[in-house]
> 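Sharing a structure below in structure tokens format, with a few things to ask.
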Amino acid sequence: MSQTRTSRENTVVEEGKYWDPHAVEGHLEKGKTWERMQIRDDCGNMFKSKFGDIDFTDRHTEYYRFNGVLQSKRKSEAWEIAKRITKERGIPNYNPDLHLHGVQMGQRMLQTYKITGLEREWAGAEDTPAHPGWVPGTGIYGIEMDDVNYENNMAMQQSRDDISRTAINGMNISHETIERRFGKEVTPETINTYMEMLNHNLGAGALIQEHVTETNPELVKDCYAIMFTGDDDVADAIDPRFITNIDTHFPEYQVPQLKEQLKGKMYQVCRIPTMALRTSDGGLARAWVGQQASLAYVGAYDIPAGDAVTSDFVFTIKHGDVVFSGTALPYRRAQRVNSIGGVPYGYYADICQSSRTPEAVKGLDGGIDPVKVTVEALTPGCVLTDQGWLHNYLAGGSSSWASYVMSVYTDEILEDPSYYGADWGIHHYKCGVGEVPNTLENGMQIAEVVGQHFLASYDLYPAMCEAHFGGSQRFLLQCAAIGAATGCLTGDTDLGQTMWMYNTHIQKEHCMRLGFYGHDMQDQMGCGHNASYRSDQSCPYELRNMNFPDQAMHVGHVGGYIGICGGSAHARGAAYCTNPVIKVAYADHEHIQFDWRYPRREYGRGALHDFMPAGERTVVCPSYAGGITANLPPMYEKKR
Amino acid sequence: MAYLTEKIDLYNDRGQVIESGIPLEAVTPVQNPAVREIADTFKRSIAVNLAGAQKALSTGHYANEYIHLPDIPNKADLPIKSGPYGKPKAVRTRTWDVPLVENADTLAAKLKEKLQVDADDGTEVKIMKKGAMFYVKPSQKLCTTGIEYTTALTATAQAMTDLVMEEFDDILDFHAAPLVHTAFYGRYPSTYEFMGGNVISLLAASCANEGPGFALRNLMVNHIVAITRRRTMEAMALSSTLEAISHLEMGDAIGRWRRWQSLVYAYQGLNANNIVYDLVKECGSGTTGDVVGATIGRALEDKVIRVQKTLPSGFKFYTALDPSLWNAYTCAGTAAAVIVNQGAARAAQGVASTVLYFNDMIDHETGLPSAGYADGVGNGISMSFFSHSIYGGGSPGVFHGNHIVTRHSKGFLIPCVAAAVALDAGTAVYGPEATSGLVGDIFSEIDLLREPMESVAKSAAEIKNKF
Amino acid sequence: MAKYERQYYNKGDPIARNRQRIVDPNTKLEKLRTIPDEGFLSILGHRNFGEAYKSVHPPLSELGEPEDPMRDLVPPTEGAKAGDIVDTLVMTDSVYDAPLAVYLRAWMLHNRVRGLDTGCYSGRNTVEMRARDLEDAGRMLLETEVCDARRNHLRQMTCTGHSCRLDQDGLMFDAVRRTKMEGTDVIYVKNGFGNPIDKPVSIGKGLSDEELKKRTVIYRYDNIPNLVLEEVVNPRPDEEVKETIQWIRRIMRQRLYGNLNPELIKEDAYENLEQLELKPRY
């Protein structure tokens, strides 16, 4: 199937005429509308892989014959492991007979899921190459909900770690400090020496001092330093091992935009060891780098240790010339910098590297595809803000809220209406993405077009309604699709978000229900807040973070906002959404542990237990052979 | 800023007029002397738990009931050996018997001397509960020298510590100093608040505030209900006053929003034009839905809204003739609905539901936006969630305006919660009796705080001719 | 001036009319079944038949109330007077043409009963009231037309099922299997908490699918939708779309413009704003 998504395949368009949705086969009548869903025939695959060969328009099915957890591979395995653990330790643990008042979970089918879109990405097309190693016909199917529980998925945890362990600093002030206060010249050669020393001491090695401790390099092999600059002459002179080359990493049209913003400044990006985060939070990264980079400067430029100038280095790195991925949070939700709660939505959108992938540049009708950017940026947004932050940090607990989040990047259900809306809009308004006038009237029209499509899908395909069995999931998805379509068509981030809020009314009056108890708080208030300038109600979405009052408490929203930020910027033709430094800082996909170009794929790999996280400590642990006491030397026998 | 010269009549909670023809300007926090005095009172009021400090020092239970720095008086009787020289001997290094409560009179007098800047500068130290407590109010001169609101707390804590070390220097020497500090300051400075201390302010340390201006929003609803001794509209009035002052400090009562914010305070908090009372009287035996109808009826009568359009089925859309005043009417209606619905149950737990659905029904009934342009609906939703679930929050009484769940509405939610908690007959585990006994005992003695409606109205009347 | 008569909801289409009927407290809800006391209490699961109500505080007459004019104006309910604990009842409604759905139940109760605490999830409504008041409300929620035997169930916990496909008898999915079919009738074999009931309670036969389509309060694309494609892609003037849609378009604008500047919603002044042509800024 074609990777490029061409609206022309789906429409009958004559010059000068508006696109007529009825020209597509099928009306909104039972049975016939299925043909419209076949515009994207992955939906058929999705339903089949989930439910088997069924009539998707039938609202009846059978229940109570699925044998509880035994229908699920993961839960069956978990039960066996739990029985063994109970025997070993004495205190009981996981027991599915306790699920539902004496009844096991799984009285209906425990669904499996498919990661959206991978066949298209991986397959390639005329304009885009296939991914290396792709095997035709493959996607990631059949994953279980437990596989995308944050606790079980190493890719999710690594994506959070990659943000928290990143420290970004400008180098120019440090160089000026060396030249002015110490009188030494900074050249590409000296910078190379510095980078080599930094890569030595950032993770494993010591510098300057005799008889100090060092770290096993295997434990910290994910730790490195790299740099980038907007100055081509400098970039050409730096050792290519140490530099992220903007020209080779970004599409041609994005390169001048980035270089114009970065100008002659040089930036270093340090990723401290993932393992280090165990003893700290994200605030550790800048302190760690402050110390290690100062030592590297001292070592590279022969500055006497303890010289006053060293305090300038550490100040520069920690305060003077630093770009935090996330800001600190206040008392009630206290965390230091680089916490995922403090990362602005626009930064999340920039951290996701989807906007520089071939699919995003030549996707929709052969042109820029902001929907693709939206759905990709939305995925880590959802995982990190909902599962990683709101669930893991603020509320806690182990039975997670993966269900809200996974509905967004599985089973093609978000992409269908988002593309439907974008396709419709381009032809209705006769312009490109990002070019529809951003009036409230246009926004509401786009919202209603996408909204009715989505509502019809849920109503006419009972299996789809069952797949998204929670109202919060359906509400989130519909809002996200509407926001995505509006943002992509108008290029106006805040209008996209406002139409998200408008969907609250569309869906509530249709269904007479929305989400969980507190779900629609910010959606109701957002109707007014998005146009407000009052003291604590107002902020453009790119600069909001999880501390923004409206968003601080309820799952099922922020990932979507992040996607809309990214998509809208892409639709405007921008190379980045909010911060070009962040954009380039996370562009080194060849080094960083989590491939931010394809987050959905990465999370899918995590679900398949195919993603190796960093920071594993096995190299210094006793060998572990599947049991707590198996193969342990006698002195450890009694330890737990 | 231009004066708000439109006139209102202020009524008490019996529906009787206190003052009429009051310009709206006269009740604003910047102008009204009683409101300013309420702010000043909270800023300067401190409670000293002398009995608590004495108990901490004598038992070793510093800072909370779990922390115990034990001295073991019966060490000699324990089946242990402590050395080669005979039986173990008991020692006492973490506790002292200091007769603070017995000497309360002397201590109070000397505390006042220590805190006074000038003679007769208004410094107060009142002995309460037979010497177990002091109510301390340092002078304005002391408390307004710096720019924070913390001097009363910090000066009183240090003055008490200093005083006790001085007065009892025959039994308290250098060994005792850190423990006497802890008896009054709690775990500060290891914590940034006086955690477990016996010198208590109602205001939190500034880093505990959600943002600039939130200090006075930090009083939990239980405290307000305890201070006003469960008198519903007085509890609403006190809460609304604190919210109004805070919203000024947050920057919300400025520009085109100044009138909007002042109307919320007047109509919901101060029962302006007797709207809240009238609605409760009309619908007291009725439901939330009855209050919806009565509010709209009153707004139509007062020409705040009118019919804008009638749809084919007969359904009418309304439009606002005075949008800010319409907002104030919805706030007043929300308060009345809470009083009617939660009053019927004599249980506070449903306040968020009432706030939410009253406003939701107003939206659906009229086609006009409800309180706060859906801040009432939204905040009702979040508070419903966090007062009924496993994810955080608690029962209505523990919320306040400085809380992430309930900060969103601009001054009109917390007074409703205060009304509901006031009406509760004892269904809550964390009610005012559990959390606010001390606060209630001390602060409910102050007339201005216990019954603010009358004071605010009267001092508005005193200045009304200026506007 | 004449007392304002509430309109509750628009009556522009059959679904809206159904909503308006139910939310209006003047409508006498049709009684579909009578559940005997013992059976009703056994489904609810809070107290046994004949058992006294549990108390959370002494009766108000013993407790005494503080001096407060508001208390004088608002009489307490019977449950409040007696000091009953606050009990909970949770209902789940199917998306498949149920005669009542969550928000409508919340509005209906806020218009019809006193002393209420209710909340809406997607898959359930919680209703919390003083115990004896809850039992009165519970009768309305279980015995009248707002409860279909197959599509609205009492479930105190583990409520999944509102959005699942129906089983072959048209019954909502219930993981805990509180309800079963006995012939054409629906019986509760467990109470809301999932504990088996000694004597199963029959709540009778559910309405036919056709009848449900007429009575439902939920817009659906296989029945009567709210937003219709043709009206959206080629926008019709407000007068030609459903009144419910006119309402949502209006309230969105009122909120958005009102929170920017209240003067913009004064007599709908924002309408003039939208007529202005927006000049492109590049």
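Every chain is numbered from 1, with letters handed out A, B, ... down the list of sequences.
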> Check whether His510(A) reaches the backbone of Tyr219(C) with its side chain - one donor and one acceptor, N or O, closer than 3.5 Å.
yes
> Given a strict heavy-atom distance threshold of 4.5 Å, which part of Arg19(C) is in contact with chain A: side chain, backbone, both, or neither?
side chain
> Closer than 3.5 angstrom, by distance alone: can the side chain of Ser163(C) be matched with the main-chain N or O of Phe469(A) as a donor-acceptor pair?
yes
> Would you say the side-chain atoms of Gln452(A) pair up with the backbone N or O of Val228(C), donor to acceptor, closer than 3.5 Å?
no
> What closest approach, in Å, do Val95(C) and Arg474(A) show between heavy atoms, and which atom pair accounts for it?
CG1-NH2, 4.3 Å
> Measure distances from Ile506(A) to the heavy atoms of chain C and classify the residue's part below 4.5 Å as side chain, backbone, both or neither.
both
> Relative to chain C, which segment of Tyr64(A) carries a heavy atom at a distance below 4.5 Å: side chain, backbone, both, or neither?
side chain
> Examine distances only and state if a side-chain atom of Arg255(C) and a backbone atom of Cys527(A) form a donor-acceptor pair shorter than 3.5 Å.
no
> Determine whether the aromatic ring centres of Tyr63(A) and Phe173(C) lie less than 6.0 Å apart.
yes
> Give the minimum heavy-atom separation between Asn259(C) and Ser532(A), together with the two atoms involved.
ND2-CB, 3.3 Å
> Please determine if Arg124(C) forms a cation-pi arrangement with Tyr517(A), meaning its NZ or CZ atom is less than 6.0 Å from the six-membered ring centre and no more than 45° off the ring axis.
no
> Check whether Cys120(C) gets within reach of chain A through its side chain, its backbone, both or neither, counting any heavy atom under 4.5 Å.
backbone
> Does anything in residues 99-106 of chain A reach chain C? List residues with heavy atoms under 4.5 Å apart, or say none.
Leu100(A), His101(A), Val103(A)
> Under 4.5 Å heavy-atom distance to chain C, tell me which part of Thr498(A) shows up: side chain, backbone, both or neither.
both
> Examine whether an atom of Thr61(A) lies under 4.5 Å from a heavy atom of chain C, and if so say whether it belongs to the side chain, the backbone or both; otherwise answer neither.
both
> Near Lys508(A) NZ, under 6.0 Å, is it more than 12 heavy atoms from other residues, nucleotides or ligands?
yes
> Just checking Tyr221(C) against Tyr458(A), ring centres under 6.0 Å apart?
no
> Heavy atoms only: give me the nearest Arg513(A)-Ile218(C) pair and the separation to one decimal.
NH2-CD1, 4.2 Å
